[in-house]
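Every value quoted in this text rests on a predicted model; they were computed, and no experiment measured them.
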Amino acid sequence: MKIQKKRRQSFDLLQAQKQHAAGNLFDAEIIYKKILERDHNQPDALHLLGVLAHQLNDPKKAIKLISRALTLRPDFSEAFNNLGNAYIDLKLFKKAIESYNSALKIKKDYQIAQNNLANAFFQFGNHLNKKGRYEEAKINYVESLKIKPNNSEANYNLGVTFSNLEKYDEAEKSYRASILINPNHAEPYSNLGNVLVKLKKNNEAIESY
(Lines give C-alpha, C1' and ligand atoms only; values in the text may rest on other atoms or scores of the structure.)
Protein backbone atom coordinates (compact mmCIF):
# COMPACT_ATOMS: atom_id res chain seq x y z
CA MET A 1 0.00 0.00 0.00
CA LYS A 2 2.83 2.41 0.84
CA ILE A 3 4.43 1.79 -2.56
CA GLN A 4 1.11 2.51 -4.29
CA LYS A 5 0.70 5.75 -2.31
CA LYS A 6 4.19 6.87 -3.27
CA ARG A 7 3.54 6.09 -6.92
CA ARG A 8 0.24 8.02 -6.80
CA GLN A 9 1.96 10.95 -5.13
CA SER A 10 4.76 10.98 -7.71
CA PHE A 11 2.25 10.80 -10.57
CA ASP A 12 0.14 13.64 -9.13
CA LEU A 13 3.21 15.76 -8.49
CA LEU A 14 4.38 15.26 -12.07
CA GLN A 15 0.94 16.24 -13.40
CA ALA A 16 0.90 19.35 -11.21
CA GLN A 17 4.36 20.35 -12.42
CA LYS A 18 3.27 19.92 -16.05
CA GLN A 19 0.25 22.17 -15.48
CA HIS A 20 2.43 24.65 -13.61
CA ALA A 21 5.03 24.78 -16.39
CA ALA A 22 2.26 25.26 -18.96
CA GLY A 23 0.98 28.28 -17.04
CA ASN A 24 -2.21 26.57 -15.86
CA LEU A 25 -1.75 27.84 -12.32
CA PHE A 26 -5.29 27.17 -11.10
CA ASP A 27 -5.15 23.52 -12.21
CA ALA A 28 -1.68 23.09 -10.71
CA GLU A 29 -2.85 24.61 -7.41
CA ILE A 30 -5.75 22.13 -7.18
CA ILE A 31 -3.40 19.16 -7.59
CA TYR A 32 -0.80 20.50 -5.12
CA LYS A 33 -3.56 20.97 -2.53
CA LYS A 34 -4.89 17.44 -3.13
CA ILE A 35 -1.40 16.05 -2.54
CA LEU A 36 -1.18 18.02 0.72
CA GLU A 37 -4.59 16.80 1.83
CA ARG A 38 -3.19 13.27 1.74
CA ASP A 39 0.21 14.25 3.14
CA HIS A 40 0.49 17.59 4.95
CA ASN A 41 4.26 17.28 5.01
CA GLN A 42 5.04 16.70 1.34
CA PRO A 43 7.98 19.12 0.81
CA ASP A 44 7.83 19.28 -3.00
CA ALA A 45 4.14 20.18 -3.01
CA LEU A 46 4.66 22.77 -0.25
CA HIS A 47 7.59 24.32 -2.12
CA LEU A 48 5.86 24.44 -5.49
CA LEU A 49 2.62 25.75 -3.99
CA GLY A 50 4.78 28.49 -2.48
CA VAL A 51 6.35 29.23 -5.87
CA LEU A 52 2.84 29.42 -7.31
CA ALA A 53 1.74 31.83 -4.55
CA HIS A 54 4.73 34.04 -5.39
CA GLN A 55 3.71 34.01 -9.06
CA LEU A 56 0.23 35.11 -7.95
CA ASN A 57 1.75 38.12 -6.14
CA ASP A 58 1.39 36.75 -2.61
CA PRO A 59 5.01 36.67 -1.34
CA LYS A 60 3.98 36.39 2.32
CA LYS A 61 2.07 33.18 1.63
CA ALA A 62 4.98 31.97 -0.50
CA ILE A 63 7.40 32.50 2.39
CA LYS A 64 5.19 30.52 4.79
CA LEU A 65 4.81 27.56 2.42
CA ILE A 66 8.45 27.42 1.31
CA SER A 67 9.67 27.80 4.89
CA ARG A 68 7.53 24.81 5.86
CA ALA A 69 9.08 22.81 3.04
CA LEU A 70 12.55 23.73 4.31
CA THR A 71 11.80 22.56 7.85
CA LEU A 72 11.06 19.17 6.30
CA ARG A 73 13.97 19.19 3.85
CA PRO A 74 16.77 21.49 5.07
CA ASP A 75 19.02 20.63 2.11
CA PHE A 76 16.48 21.86 -0.49
CA SER A 77 18.61 24.34 -2.47
CA GLU A 78 15.87 25.26 -4.97
CA ALA A 79 13.51 26.10 -2.10
CA PHE A 80 16.09 28.42 -0.53
CA ASN A 81 16.51 30.16 -3.89
CA ASN A 82 12.77 30.67 -4.31
CA LEU A 83 12.45 31.80 -0.70
CA GLY A 84 15.00 34.49 -1.53
CA ASN A 85 12.90 35.57 -4.51
CA ALA A 86 9.85 36.03 -2.27
CA TYR A 87 11.86 38.07 0.23
CA ILE A 88 13.07 40.32 -2.62
CA ASP A 89 9.46 41.23 -3.44
CA LEU A 90 9.02 42.43 0.14
CA LYS A 91 12.34 44.33 -0.01
CA LEU A 92 13.69 42.14 2.79
CA PHE A 93 17.13 42.12 1.21
CA LYS A 94 19.10 40.76 4.17
CA LYS A 95 16.78 37.75 4.43
CA ALA A 96 16.98 37.25 0.65
CA ILE A 97 20.78 37.33 0.74
CA GLU A 98 20.77 34.83 3.60
CA SER A 99 18.46 32.52 1.62
CA TYR A 100 20.56 32.64 -1.56
CA ASN A 101 23.72 31.98 0.48
CA SER A 102 22.00 28.96 2.05
CA ALA A 103 21.19 27.65 -1.44
CA LEU A 104 24.83 28.07 -2.48
CA LYS A 105 26.15 26.31 0.62
CA ILE A 106 24.15 23.27 -0.44
CA LYS A 107 24.88 23.55 -4.17
CA LYS A 108 28.06 25.51 -4.91
CA ASP A 109 27.59 25.61 -8.71
CA TYR A 110 23.97 26.86 -8.51
CA GLN A 111 24.30 29.62 -11.11
CA ILE A 112 20.72 30.90 -10.78
CA ALA A 113 21.11 31.40 -7.02
CA GLN A 114 24.53 33.01 -7.53
CA ASN A 115 23.05 35.45 -10.05
CA ASN A 116 20.07 36.13 -7.78
CA LEU A 117 22.45 36.81 -4.89
CA ALA A 118 24.23 39.40 -7.04
CA ASN A 119 20.88 40.93 -8.01
CA ALA A 120 19.91 41.13 -4.33
CA PHE A 121 23.10 43.03 -3.45
CA PHE A 122 22.54 45.35 -6.42
CA GLN A 123 18.93 46.09 -5.44
CA PHE A 124 20.01 46.51 -1.81
CA GLY A 125 22.55 49.07 -3.06
CA ASN A 126 19.82 50.96 -4.92
CA HIS A 127 17.57 50.83 -1.87
CA LEU A 128 20.23 52.19 0.49
CA ASN A 129 22.07 54.27 -2.13
CA LYS A 130 25.32 52.67 -0.98
CA LYS A 131 28.12 51.79 -3.40
CA GLY A 132 29.48 49.12 -1.06
CA ARG A 133 26.57 46.87 -1.99
CA TYR A 134 27.44 47.33 -5.69
CA GLU A 135 30.93 46.01 -4.94
CA GLU A 136 29.37 42.90 -3.42
CA ALA A 137 27.06 42.60 -6.42
CA LYS A 138 30.09 42.79 -8.73
CA ILE A 139 31.88 39.99 -6.85
CA ASN A 140 28.83 37.74 -7.12
CA TYR A 141 28.17 38.47 -10.81
CA VAL A 142 31.80 37.48 -11.47
CA GLU A 143 31.23 34.25 -9.51
CA SER A 144 28.06 33.62 -11.51
CA LEU A 145 29.99 34.01 -14.77
CA LYS A 146 32.62 31.54 -13.57
CA ILE A 147 29.86 28.94 -13.39
CA LYS A 148 28.23 29.97 -16.70
CA PRO A 149 30.42 32.31 -18.78
CA ASN A 150 28.07 32.53 -21.77
CA ASN A 151 25.27 34.20 -19.83
CA SER A 152 24.18 37.39 -21.56
CA GLU A 153 22.05 38.62 -18.64
CA ALA A 154 24.82 38.22 -16.05
CA ASN A 155 27.30 40.05 -18.32
CA TYR A 156 24.75 42.83 -18.82
CA ASN A 157 24.05 43.09 -15.08
CA LEU A 158 27.78 43.20 -14.40
CA GLY A 159 28.02 46.05 -16.90
CA VAL A 160 25.27 47.97 -15.09
CA THR A 161 27.09 47.40 -11.80
CA PHE A 162 30.38 48.67 -13.21
CA SER A 163 28.52 51.70 -14.60
CA ASN A 164 27.12 52.47 -11.15
CA LEU A 165 30.63 52.14 -9.74
CA GLU A 166 31.82 54.56 -12.48
CA LYS A 167 34.21 51.92 -13.81
CA TYR A 168 33.43 52.62 -17.43
CA ASP A 169 36.20 50.61 -19.13
CA GLU A 170 35.04 47.46 -17.30
CA ALA A 171 31.41 48.30 -18.04
CA GLU A 172 32.20 48.57 -21.76
CA LYS A 173 33.78 45.09 -21.75
CA SER A 174 30.78 43.57 -19.94
CA TYR A 175 28.20 45.15 -22.26
CA ARG A 176 30.16 44.02 -25.31
CA ALA A 177 30.34 40.48 -23.90
CA SER A 178 26.56 40.53 -23.37
CA ILE A 179 25.98 41.71 -26.94
CA LEU A 180 28.33 39.09 -28.35
CA ILE A 181 26.29 36.35 -26.63
CA ASN A 182 22.88 37.83 -27.45
CA PRO A 183 22.99 40.46 -30.23
CA ASN A 184 19.19 40.78 -30.23
CA HIS A 185 18.92 42.34 -26.74
CA ALA A 186 18.50 46.12 -27.13
CA GLU A 187 19.36 47.36 -23.63
CA PRO A 188 23.09 46.48 -23.66
CA TYR A 189 23.50 48.57 -26.85
CA SER A 190 21.84 51.57 -25.20
CA ASN A 191 23.85 51.25 -21.99
CA LEU A 192 27.03 50.67 -23.98
CA GLY A 193 26.31 53.93 -25.81
CA ASN A 194 26.04 55.77 -22.49
CA VAL A 195 29.36 54.32 -21.33
CA LEU A 196 31.08 55.18 -24.61
CA VAL A 197 29.95 58.80 -24.21
CA LYS A 198 31.59 58.80 -20.75
CA LEU A 199 34.75 57.43 -22.38
CA LYS A 200 34.56 60.15 -25.09
CA LYS A 201 34.12 57.55 -27.84
CA ASN A 202 31.29 59.46 -29.45
CA ASN A 203 31.35 57.82 -32.90
CA GLU A 204 31.18 54.37 -31.32
CA ALA A 205 28.40 55.58 -29.03
CA ILE A 206 26.33 56.74 -32.01
CA GLU A 207 26.83 53.36 -33.67
CA SER A 208 25.76 51.57 -30.47
CA TYR A 209 22.63 53.74 -30.11
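Transitive grouping of hydrophobic side chains (ILVMFWY, heavy atoms separated by less than 4.5 Å) brings Leu199 and Leu158 into a common cluster. Phe124 and Val160 fall into different hydrophobic clusters, where Ile, Leu, Val, Met, Phe, Trp and Tyr residues are linked whenever their side-chain heavy atoms come under 4.5 Å apart, directly or through other members. One hydrophobic cluster, built from ILVMFWY side chains closer than 4.5 Å, holds both Leu165 and Leu192. Follow the hydrophobic side-chain contacts under 4.5 Å out from Leu36 and you never reach Leu70; the two are in separate clusters. Note on Leu92 and Phe121: separate hydrophobic clusters, where clusters join Ile, Leu, Val, Met, Phe, Trp and Tyr whose side-chain heavy atoms are under 4.5 Å apart, directly or indirectly.
Without hydrogens or angle criteria, Ser178 side chain to Pro188 main chain gives no donor-acceptor distance under 3.5 Å. Between the Tyr100 side chain and the Ala120 main chain, no donor and acceptor come within less than 3.5 Å of each other. No donor-acceptor pair under 3.5 Å is formed between the side chain of Ser67 and the backbone N or O of Lys64. Checking side-chain atoms of Arg68 against main-chain N and O of Ile63 turns up no donor-acceptor pair under 3.5 Å.
In this view, Phe122 and Tyr134 satisfy the ring-ring contact (aromatic ring centres under 6.0 Å, His included) rule, not counting sequence neighbours. Residues that satisfy the side chain to side chain contact (heavy atoms under 4.5 Å, CB included) test with Lys105, not counting sequence neighbours, are absent from this structure. Applying the side chain to side chain donor-acceptor pair (under 3.5 Å) rule to Lys61 yields no partners; only residues at least two apart in sequence or on another chain are considered. When the side chain to side chain contact (heavy atoms under 4.5 Å, CB included) test is applied to Glu166, the partners found at least two apart in sequence or on another chain are Lys131, Tyr168.
Taking every heavy atom of both residues into account, Gly193 and Ser208 meet most closely at N-OG, 3.6 Å. When all heavy atoms of Pro149 and Asn155 are compared, the pair lying nearest together is O-ND2, 3.4 Å. Minimum heavy-atom separation, Leu83 to Ile66: CB-CG2, 3.9 Å. Closest approach of Leu145 to Ala154, counting heavy atoms only: CD2-CB, 3.8 Å.
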Residues 108-115 side chain polar contacts: donor-acceptor under 3.5 Å, at least two apart:
residue: Gln111; atom: NE2; partner: Ser144; partner atom: OG; Å: 2.8
residue: Gln114; atom: NE2; partner: Asn140; partner atom: OD1; Å: 2.7

Extract all donor-acceptor atom pairs below 3.5 Å that involve side chains of residues 18-28 and protein atoms in other chains or at least two apart in sequence.
residue: Gln19; atom: OE1; partner: Asn24; partner atom: ND2; Å: 2.8
residue: His20; atom: ND1; partner: Tyr32; partner atom: OH; Å: 2.9
residue: His20; atom: NE2; partner: Gln55; partner atom: OE1; Å: 2.5

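For the salt bridge (charged side-chain N to carboxylate O under 4.0 Å, His left out) condition, no pair includes a residue of residues 178-195, sequence neighbours left out. Applying the ring pair (Phe, Tyr, Trp, His ring centres under 6.0 Å) test to pairs two or more places apart or on separate chains, those with a residue in residues 181-209 are Tyr156-His185. The list of side-chain hydrogen bond (donor to acceptor under 3.5 Å, both in side chains) pairs with a residue in residues 195-206, not counting sequence neighbours, reads Glu172-Lys201, Arg176-Glu204. Screening residues 48-81 for ring pair (Phe, Tyr, Trp, His ring centres under 6.0 Å) gives His47-Phe76 as the qualifying pairs, with residues at least two apart or on separate chains. Counting only residues at least two apart or in different chains, salt bridge (charged side-chain N to carboxylate O under 4.0 Å, His left out) contacts with residues 89-103 are absent. Sorted by first and then second residue, the salt bridge (charged side-chain N to carboxylate O under 4.0 Å, His left out) pairs involving residues 42-51 (not counting sequence neighbours) are Asp44-Arg73.
With 3.5 Å as the limit, one finds a donor-acceptor pair spanning the side chains of Tyr141 and Asn119.
Residues Lys138 and Glu170 are not in side-chain contact: their nearest non-hydrogen atoms beyond the backbone lie 4.5 Å or more apart. For the pair Ser99/Asn81, no side-chain contact is recorded, criterion being any heavy-atom separation below 4.5 Å from C-beta on. Using a 4.5 Å heavy-atom cutoff, the side chains of Asp39 and Asn41 are in contact. Contact of the Ser163 side chain with the Asn191 side chain is not registered, since no non-hydrogen atoms from C-beta on lie closer than 4.5 Å. For the pair Pro59/Tyr87, no side-chain contact is recorded, criterion being any heavy-atom separation below 4.5 Å from C-beta on. In this structure the side chain of Leu72 reaches within 4.5 angstrom of the side chain of Leu46, judged on heavy atoms. Here the side chains of Leu65 and Leu48 are not in contact, with every heavy-atom distance at 4.5 Å or above.
Here Asn116 contributes atom CG and Ile88 contributes atom CD1; the two are 8.0 Å apart, rounded to the nearest 0.5 Å. The structure places CG of Asn182 at 4.5 Å from OG of Ser152, a figure rounded to the nearest 0.5 Å. Atom CD of residue Glu78 and atom CD1 of residue Ile106 lie 9.0 Å apart, to the nearest 0.5 angstrom.
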Practice prompt. Before giving the answer on side-chain contact (heavy atoms from CB on, under 4.5 Å), spell out for Asp12 and Arg38 the whole-Å C-alpha distance, their side-chain angles and the decisive distance to 0.1 Å.
Written response: CA-CA 11 Å; Asp12 286 347; Arg38 294 194 299 267; 2.4 Å; yes
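Ion pairing between Lys33 and Glu37 fails under the 4.0 Å rule for side-chain N and carboxylate O.
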